[in-house]
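First the structure, in the form of structure tokens, and then the observations on it.
Computed from a prediction, not measured in an experiment: that's the story for all the values here.
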Amino acid sequence: QVQLVESGGGLVQAGDSLRLACAVSGRAVNNRAMGWFRQAPGKEREFVASISWSGSSTYYADSAKGRFTISRDNAKNTVNLQMNSLKPEDTAVYYCAADRLLYSSGGTWDYWGQGTQVTVSS
């Protein structure tokens with residue numbers, strides 16, 4: 001029902017910035033909360049940031065607060081993650097996710113993209 005395709009990953013140095021994008025298609029995409037997650041080698045997938053269906057509410061992991069910004073452009077059906085002041089510990093595969101429920105703030109992440117690699121060198 002919902003397809004997600006991430007882009008924008010790459011290899012950067014500590015302190016640099018990256019902007020990840022998630023192209024969303026399918027049913028009622030503009031009425032779903034969206035999120036970004038990441039998974040580092042040998043670790044479990046973890047929450048990074050999310051945005052409510054309306055865009056009025058955003059949520060961040062402590063590790064992302066003050067450095068990352070999530071946004072959505074419903075006209076373009078995209079969700080972005082602006083990442084500033086990157087650290088080596090931000091190295092991971094970053095995944096975009098969509099909520100199964102409509103008109104929610106997020107939490108029921110049923111739809112996932114294939115991921116994009118972010119590598120931060122020290």
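- Between R38 and V93 the shortest side-chain heavy-atom distance does not fall below 4.5 Å.
- The line from CG of D73 to OG1 of T78 is 4.5 Å long, rounded to the nearest 0.5 Å.
- Rounding to the nearest 0.5 Å gives a distance of 12.0 Å between OH of Y95 and CZ of F37.
- Note that R45 lies in the cation-pi zone of W112, set by a 6.0 Å cut-off to the ring centre and a 45° limit from the axis.
- Remark: side-chain polar atoms of Q82 are not paired, donor with acceptor, to backbone N or O of R19 under 3.5 angstrom.
- Within the model, atoms CD of Q117 and CG of L11 stand 9.5 Å from one another, a figure rounded to the nearest 0.5 Å.
- Judged by distance alone, with hydrogens and angles left aside, the side-chain atoms of R72 form no donor-acceptor pair with the main-chain N or O of G55 at under 3.5 Å.
- Minimum heavy-atom separation, A92 to A40: CB-N, 3.8 Å.
- Here the CG-CG distance, from L101 to D110, works out to 8.0 Å after rounding to the nearest 0.5 Å.
- Here the shortest heavy-atom pairing between W109 and A33 reads CZ3-O, 3.6 Å.
- Note that the CG atom of N30 and the CH2 atom of W53 stand 9.5 Å from one another [nearest 0.5 Å].
- Listed by first and then second residue, the disulfide (SG to SG under 2.5 Å) pairs involving residues 31-122 are C22-C96 (not counting sequence neighbours).
- Across every non-hydrogen atom of S17 and S85, the tightest pair is OG-N, 4.3 Å.
- Clustering of Ile, Leu, Val, Met, Phe, Trp and Tyr side chains at separations under 4.5 Å places L20 together with V2, L4, V12, L18, V24, V29, M34, W36, V48, I51, Y60, F68, I70, V79, L81, M83, L86, Y94, Y111, V118, V120.
- Side-chain N or O atoms of Q114 include none that pairs as donor or acceptor with a backbone N or O of V5 at under 3.5 Å.
- Between S52 and S105 the shortest heavy-atom distance is CB-CA, 4.0 Å.
- With values rounded to the nearest 0.5 angstrom, T58 atom OG1 is found 10.0 Å from K65 atom NZ.
- Q1 places none of its side-chain heavy atoms less than 4.5 Å from the side chain of R100.
- What you find for S54 and S56 is that their closest heavy atoms are OG-OG, 2.8 Å.
- Residue pairs satisfying the side-chain hydrogen bond (donor to acceptor under 3.5 Å, both in side chains) criterion with at least one member in residues 7-16, sequence neighbours excluded, are absent.
- Panel note: side chain R32, backbone R27; a donor-acceptor pair is recorded below 3.5 Å.
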